[in-house]
Amino acid sequence: DTPEVFGRELSELIEELGDSSATQFDNVEDCVRAAARLLKRRPCSWLLCVDNTDSADVLELLQLLWPIASRGRGAERGHLLVTSRSQDPVVWENVGLSTESADDQISQLLLLQPLVSHDAESILLRRRYDLRLPDVEGLVSRREGLDGEEMHALSDIAGSAHDYSLGGLPLALQQAGAYIRVNKISFQEYLRRYLRHFQDGSTDAAMGRIAAGEATIRARRAVHTTWALNVDTLSPTARGVLDAAAFFAPDTIPKCVLVALAVQVAMRMLGGAATPDAAMVFDAHVKDELGHRSSLLTFGEQTVSMHRLLRGFLRNELSGDGARERRDAAVIDALGSLKTVTDALPEDDLLTSRIAGASEIVPHIISAIENDVSTSCLTDTRADLQYFVGKIWSFRSMTTQALTWALASLQSRIAVHSETHLKVVKSAYLVGDICDNMGDWDKALSHFQRVISIAQQMRTSMDARMLKADAFCRIGTVLQSKGEYDNALRLHRQSLKMRLRIYGTDADHSNIATSLANIGIALQSKGEY
């Protein structure tokens with residue numbers, strides 16, 4: 001939609017392709033150039049799809065990728081597929097594209113025709129009467145059963161004769177059919193309701209700024225109008241879930257997150273008086289209302305998807321001053337549901353079999369935190385989620401990002417807790433661990449020493465004592481890396497002594513084994529075989 005959105009999503013792609021250092025760019029152009037360099041080095045064929053490119057500014061940025069896209073020659077070939085509703089020939093000529101093929105062109109513009117009216121009407125009829133694709137007889141029967149006025153209304157909605165027509169917009173046709181079916185109204189009544197929204201500009205605020213041609217703006221307005229009608233029919237709980245889900249990442253959302261979100265919203269609606277049945281709330285308000293009845297969400301086996309345009313529509317709608325209370329509630333619900341899910345993951349399991357599932361939650365945490373403009377009551381939740389992201393990025397060896405999130409969690413936890421709090425100790429230890437892995441030993445030593453200093457004031461906390469012993473061990477390892485073997489040996493022995501007190505002198509514990517091994521390595525480094 002915009003260069004900013006394009007740059008953000010391209011940055012995420014760069015990260016997925018393995019360039020963890022390319023997370024911050026001064027501008028979108030630098031991001032595109034970094035993507036071009038990375039794709040050029042790819043040893044295998046690739047296809048990059050850029051969908052819904054209606055902004056002339058984005059098309060100009062894409063020119064930076066033209067040189068690395070080939071016509072399929074050679075071992076290292078790449079292809080760029082761009083889709084757009086823009087029909088302005090000047091825009092396309094400005095970015096070097098033409099409808100005429102030429103030997104010296106690496107790209108060609110293909111003009112695709114929209115749905116013909118008959119096919120558009122079929123989509124609307126199938127959704128209205130819940131007809132499966134092979135049921136041709138049922139489709140013919142429903143069409144023939146319409147009287148003249150209904151056929152005229154059907155043609156107006158699904159045709160292409162008017163600015164408001166939905167003929168070339170399958171997504172809008174699905175939404176219209178769902179609304180008509182759920183509300184049990186005629187095509188004529190739907191057309192009346194639809195035109196009231198379309199003509200009074202009630203969806204204009206939710207459209208946001210669209211840098212595109214007139215045809216694209218009309219199409220977007222038509223889609224937004226169908227969404228607005230469907231959203232208005234939702235129960236308060238379903239609407240709350242939809243608003244909160246808009247602040248997740250534009251990728252598939254794990255089902256467990258939506259279940260937790262449904263419970264979070266339902267509890268808020270009930271004033272926290274009782275904990276509702278999770279499965280019941282999810283099936284009624286999410287799977288039925290948001291899925292089957294309205295088609296606002298798409299359900300997979302273990303994930304749920306929201307259309308990116310719907311996500312943008314909802315966010316823009318919640319950005320107005322009059323929607324501040326709803327927006328804050330949505331972000332609170334989003335963050336609360338994510339914390340519920342992350343709290344259910346045992347911390348030890350984050351580094352084992354559960355890490356893959358945990359990684360899927362991270363983009364949604366980042367998105368929700370970036371959109372958190374609510375009050376300080378969320379500081380603790382936000383800090384816990386920041387810590388969680390730091391742990392995951394650290395495990396994935398994405399140390400730059402990990403350090404950013406770990407430091408953010410440390411600052412947030414200090415702000416909401418006293419210095420002598422276990423959560424502060426954990427965040428400080430995580431920062432030290434990441435700095436050690438990055439080879440920044442001075443910073444690592446500083447944060448491990450901070451862990452020891454705080455933990456010494458928390459003598460009754462077993463967890464703090466364990467982290468203190470771990471910090472002594474890590475400082476010894478750092479000093480050993482710096483060649484300070486005598487100091488390293490002293491600290492490893494001190495760590496062993498503490499761990500024997502914690503776990504028992506006869507215990508078979510991996511941390512005791514680690515201290516013994518570190519002592520042996522330090523002695524070997526000194527030549528004391």
Side-chain angles (χ1 to χ4, degrees), residues 231 234-291 293-294 296-300 302-306 310-311 314-315 317-319 323-346 354 357-358 360-389 392 409 412 416 423:
V231 167
L234 298 174
S235 68
T237 300
R239 182 60 193 269
V241 171
L242 189 67
D243 284 346
F247 293 98
F248 293 145
D251 303 305
T252 52
I253 306 168
K255 181 181 174 181
C256 61
V257 174
L258 264 295
V259 172
L261 176 58
V263 173
Q264 179 90 11
V265 174
M267 288 181 66
R268 176 166 59 81
M269 297 293 177
L270 295 170
T275 302
D277 181 84
M280 187 179 298
V281 172
F282 178 80
D283 288 343
H285 298 293
V286 181
K287 200 167 186 178
D288 184 44
E289 280 194 74
L290 297 176
R293 296 177 62 189
S294 66
L296 290 166
L297 299 181
T298 303
F299 288 77
Q302 294 296 330
T303 59
V304 183
S305 300
M306 174 186 288
L310 174 58
R311 178 175 175 262
L314 293 167
R315 284 192 179 188
E317 190 181 49
L318 293 169
S319 64
R324 178 61 183 268
E325 186 175 341
R326 273 180 54 207
R327 177 190 173 91
D328 286 353
V331 177
I332 289 172
D333 289 337
L335 289 171
S337 64
L338 289 164
K339 188 173 186 302
T340 297
V341 173
T342 56
D343 285 350
L345 295 173
R354 301 291 286 277
E360 294 171 1
I361 302 171
V362 167
H364 304 293
I365 295 175
I366 294 173
S367 178
I369 288 177
E370 287 177 348
N371 289 280
D372 177 14
V373 293
S374 54
T375 59
S376 59
C377 65
L378 279 179
T379 303
D380 194 26
T381 297
R382 184 164 53 244
D384 289 349
L385 292 172
Q386 288 167 336
Y387 176 79
F388 179 86
V389 174
I392 301 301
S409 77
S412 297
V416 72
K423 288 185 176 181

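A pairwise comparison of heavy atoms in R315 and S367 identifies NH2-OG, 3.0 Å as the closest pair. Contact detail for V341 and A260: the closest heavy-atom pair is CG2-CB, 4.0 Å. Residue A244 comes nearest to A334 through the heavy atom pair O-CB, 3.8 Å, listed as atom of the first residue, atom of the second, then distance. A pairwise comparison of heavy atoms in A262 and V286 identifies CB-CG2, 3.8 Å as the closest pair. Among all heavy-atom pairs drawn from V331 and A368, the shortest one is CG1-O, 4.1 Å.
Between D283 and K287, no side-chain nitrogen of the basic residue sits less than 4.0 Å from a carboxylate oxygen of the acidic one, so the salt-bridge criterion is not met. Remark: R239 engages E317 in a salt bridge, criterion side-chain N to carboxylate O under 4.0 Å.
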Next on the checklist: For V241 and L258: C-alpha separation, side-chain torsions, deciding distance, then whether side chain to side chain contact (heavy atoms under 4.5 Å, CB included) applies.
Outcome noted: CA-CA 8 Å; V241 171; L258 264 295; 3.9 Å; yes
Item to check | Steps toward side chain to side chain contact (heavy atoms under 4.5 Å, CB included) verdict (F388, K339) | outcome: CA-CA 9 Å; F388 179 86; K339 188 173 186 302; over 6 Å; no
Next on the checklist: D333 vs R268, test: side chain to side chain contact (heavy atoms under 4.5 Å, CB included). Steps then yes/no.
Outcome noted: CA-CA 9 Å; D333 289 337; R268 176 166 59 81; 2.7 Å; yes
Checklist entry - Do L296 and L234 pass the side chain to side chain contact (heavy atoms under 4.5 Å, CB included) test, and can you show the C-alpha distance, the side-chain angles, and the key distance before you say yes or no? => result CA-CA 11 Å; L296 290 166; L234 298 174; 4.0 Å; yes
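Checking each of R327, R311, E370 against F247 for a side chain to side chain contact (heavy atoms under 4.5 Å, CB included) leaves exactly one that passes, namely R327. Partner of L385 under the side chain to side chain contact (heavy atoms under 4.5 Å, CB included) criterion, out of I369, V362, I366: I369 alone.
From R293, atom CZ reaches atom CG of D288 across 5.5 Å, with rounding to the nearest 0.5 Å. Note that the OG atom of S412 and the OH atom of Y387 stand 14.0 Å from one another [nearest 0.5 Å].
Remark: the E289 side chain and the S235 side chain contain an N/O donor-acceptor pair separated by less than 3.5 Å.
Using a 4.5 Å cut-off on side-chain heavy atoms (C-beta onward), L335 and I365 make no contact. At a threshold of 4.5 Å between non-hydrogen side-chain atoms, the residues T298 and M306 do not count as touching. With a 4.5 Å cut-off on side-chain heavy atoms, L290 and H285 do not count as touching. In this structure, L338 and F248 have side chains that are in contact, with non-hydrogen atoms separated by less than 4.5 Å. A 4.5 Å side-chain heavy-atom check between V416 and K423 finds every atom pair outside the cut-off. Looking only at side-chain heavy atoms (C-beta outward), H364 and V257 stay at 4.5 Å or farther from each other. A heavy-atom distance below 4.5 Å is found between the side chains of L314 and L242. Counting only heavy atoms from C-beta outward, the side chains of R324 and L318 never approach each other to under 4.5 Å.
At distances below 3.5 Å, not a single donor-acceptor pair connects side-chain atoms of T303 with backbone N or O atoms of G300.
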